[in-house]
Amino acid sequence: MDNNNNNKNINNNESNNNKDNLCDIDDKNKIDDENVLYRLSLNPNKGGLQNVDKEKINKIIYEVSKGSAFFKNAKEKEKAHFEKIKEIKKKYLFLKNQPMEYEKQQMKNIMNKMESDRDLSQYIVHVDMDAFYASVEELDNPELKNKPMAVGSKSMLSTANYEARKYGVRSAMPGYIALKLCKNLIIVPTRFERYHELSHQIRNIIANYDPDYCPASIDEVYLNITNFLNDNPNYTPSKVTEELREEIYKQTRLTASAGIAPNICSDMNKPNGQTELKNCTDEILKFLKDLPIGKVSGIGKVAEKTLNELGIKTCGELKENMVYIKELFKPSSYQFLLSASLGLGRTKIENKWKRKSISVERTFSNTSEIQKLEDKLHEISCKLANDVKKENLKGKSVTLKLKTSSFEILTRCLTISKYIYQQEDLYKVGKKVKFIYIIFF
DNA sequence: CAACGAAGGACCC
DNA sequence: TACCAGGGTCCTTCGGCT
């Protein structure tokens with residue numbers, strides 16, 4: 001599916017020079033709503049959407065959102081994040097004034113070592129279906145083609161077709177907001193069974209090129225075509241990928257995009273196209289130099305903004321600043337960012353996925369009636385027991401998640417001594433957990 | 001007293 | 001009219017026990 005984490009700052013008309021911003025961190029103690037909008041990831045910046053009138057779209061979204069409890073909550077989050085950023089900036093400014101000679105040399109050594117360990121022997125392909133759910137709906141109902149359409153509900157959209165995107169409609173956008181952007185938008189409900197059916201079909205095609213492919217989501221797969229290339233010397237990586245996409249289209253009438261690279265870091269593709277990154281260090285570094293950090297899978301809007309505020313917008317800049325990142329971030333974040341800055345992903349892909357949790361959640365209208373809450377608990381425990389049974393699972397830790405009317409998320413967990421799977425037990429434990437939050441209020 | 005479980009977040013689709 | 005999902009994974013922080 002399309003990921004929408006490539007947001008840019010919403011107020012790109014204003015002076016956004018981060019080098020300047022670094023100096024007036026204390027003046028900037030007001031959280032403006034534009035920052036909140038940025039956080040909501042409601043600003044359309046998706047590839048292939050150059051024609052949309054961002055200004056107008058943002059205005060509409062803002063008008064619909066402002067004042068809502070959801071918006072208020074986002075504002076609170078933004079405030080907290082802002083404080084964090086302030087701290088980091090302070091440290092950053094301090095470090096910038098230090099010589100850091102030793103650390104710089106050390107970083108150089110670390111990077112050299114990682115560079116020399118770079119594995120360029122593998123050809124990894126990342127296949128990603130274009131607007132998957134929407135395309136499936138068009139496939140089954142061709143009348144929807146060329147009309148603005150999105151899959152989901154009034155409250156939330158999963159994905160939008162390209163016609164709808166012209167209006168600024170996109171995935172993870174509430175349907176009622178989308179309707180404000182596009183009055184004629186057709187919203188069709190999701191049909192997961194159907195998507196899974198096609199997903200299965202697509203994976204079977206992919207298995208012909210790599211039986212050990214790794215599904216990344218319902219519409220995304222990683223595969224290693226190195227063996228295939230060895231067995232078929234007349235193929236090139238891009239020819240294999242072309243053929244694979246062609247085959248998917250032939251059998252399903254759905255288009256896919258793909259990225260080819262020496263590791264599974266690549267995610268740069270356009271609708272119905274493919275991008276190849278040659279197995280060569282210079283190519284990779286050139287590609288990364290101007291790649292916005294938000295494009296990297298794993299860097300979401302929070303991390304993106306944090307880094308942006310340090311003046312780091314591209315992977316190239318990230319690489320240049322790794323000495324500071326090492327001091328400013330937690331070890332695991334640092335490790336991740338270091339790999340990202342060098343364009344190092346895994347070169348081994350595994351498909352041994354093991355489920356670690358299973359869950360059911362439902363959002364309902366505001367209530368403080370205990371009976372209604374218990375009814376909901378009953379409802380989700382039934383669905384959960386059903387799902388658990390289907391997968392032949394059992395568990396001994398039950399977490400109850402509660403979203404308040406102000407969009408706060410609370411979770412309470414209870415671990416018991418024996419494994420359970422039956423609805424009655426799930427409900428019973430759930431009720432016990434629930435007690436905790438009833439006392440809470 | 002460190003390991004650990006619980007709660008909260010960030011992220012992805 | 002009013003209105004922002006649901007299903008996962010992984011990481012960090014924190015505190016009361018063993």
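Letters A, B, ... are given to chains in the order of the sequence lines, protein chains preceding strands, and every chain is numbered from 1.
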Next on the checklist: Heavy-atom nearest nucleotide on DNA chain B for A:Thr399 versus A:His81: which residue maps closer to 5'?
Outcome noted: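 First, find each residue's nearest nucleotide; the 5'-ward one identifies A:Thr399.
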
Which nucleotide in [options] has an atom nearest any side-chain atom of [X]:
X        : options              : value
A:Thr411 : B:dG8, C:dC3, C:dA5  : B:dG8
A:Lys383 : C:dG7, B:dG8, C:dC4  : C:dG7
A:Cys413 : B:dA6, B:dC12, C:dC4 : B:dA6
A:Arg412 : B:dA6, B:dC12, B:dG8 : B:dG8
A:Lys180 : B:dC12, C:dC3, C:dC4 : C:dC3

Mind calculating the distance between [atom1] ([X]) and [atom2] ([N]) to the nearest angstrom?
X        : N      : atom1 : atom2 : result
A:Phe364 : C:dC4  : CZ    : P     : 13 Å
A:Leu157 : B:dC13 : CG    : P     : 17 Å
A:Phe70  : C:dA5  : CZ    : C1'   : 10 Å
A:Lys305 : B:dG9  : NZ    : P     : 17 Å
A:Lys396 : B:dA6  : NZ    : C1'   : 15 Å
A:Ile299 : B:dC11 : CD1   : P     : 9 Å
A:Glu408 : B:dG8  : CD    : P     : 9 Å
A:Ile177 : C:dA2  : CD1   : P     : 15 Å

Regarding [X], tell me which of base, sugar-phosphate or nothing describes its non-hydrogen contacts under 4.0 Å with the strands shown.
X        : answer
A:Ala303 : sugar-phosphate
A:Lys403 : sugar-phosphate
A:Ser153 : nothing

Checklist entry - Charged N to carboxylate O below 4.0 Å: is that the case for A:Glu242 and A:Arg245? => result no

Which heavy atom of [X] sits nearest to which heavy atom of [Y], and what is that distance?
X        : Y        : value
A:Leu144 : A:Asn161 : O-ND2, 3.9 Å
A:Ser341 : A:Leu338 : OG-O, 2.8 Å
A:Val296 : A:Phe336 : CG1-CZ, 4.2 Å

When the side chains of residues 391-398 of chain A are checked against the rest of the protein, which donor-acceptor pairs come out under 3.5 Å, sequence neighbours left out?
residue	atom	partner	partner atom	Å
A:Glu391	OE2	A:Arg355	NH2	2.7
A:Ser397	OG	A:Thr415	OG1	3.0

Checklist entry - Is there a side chain to side chain donor-acceptor pair (under 3.5 Å) between A:Thr252 and A:Gln201 once you walk through the steps? => result CA-CA 8 Å; A:Thr252 67; A:Gln201 210 178 327; over 6 Å; no

Checklist outcome for this item: The answer to which of A:Lys154 and A:Thr363 contacts DNA chain C further toward the 5' end, by nearest nucleotide, is A:Lys154

Item to check | Base versus backbone protein contacts along nucleotides 8-14 of chain C [heavy-atom cut-off under 4.0 Å; B, S, -] | outcome: SSSSSS-

Between the protein and nucleotides 2-4 of chain B, are there any N/O to N/O pairs under 3.5 Å, and if so, what are the atom names and distances?
none

Next on the checklist: For a quick test of reading the model: is some side-chain N or O of A:Arg362 closer than 4.0 Å to OP1 or OP2 of C:dG7?
Outcome noted: yes

Item to check | Check: A:Tyr133 ring centroid to A:Tyr195 ring centroid under 6.0 Å | outcome: yes

Next on the checklist: Applying side chain to side chain donor-acceptor pair (under 3.5 Å) to A:Glu317 and A:Asn321, what does each step give before you reach the verdict?
Outcome noted: CA-CA 6 Å; A:Glu317 290 163 352; A:Asn321 283 281; over 6 Å; no

Checklist entry - Is the backbone N or O of A:Gln335 less than 3.5 Å from a side-chain atom of A:Ser339, with the two atoms forming a donor-acceptor pair by type? => result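 Yes; judged by distance alone, with no hydrogens or angles, the pair exists.
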
Checklist entry - For atom P, what is the distance between B:dC12 and C:dC3, given to the nearest Å? => result 29 Å

Checklist entry - Parallel, tilted or perpendicular: which fits the ring planes of A:His126 and A:Tyr222, with parallel below 30° and perpendicular above 60°? => result parallel

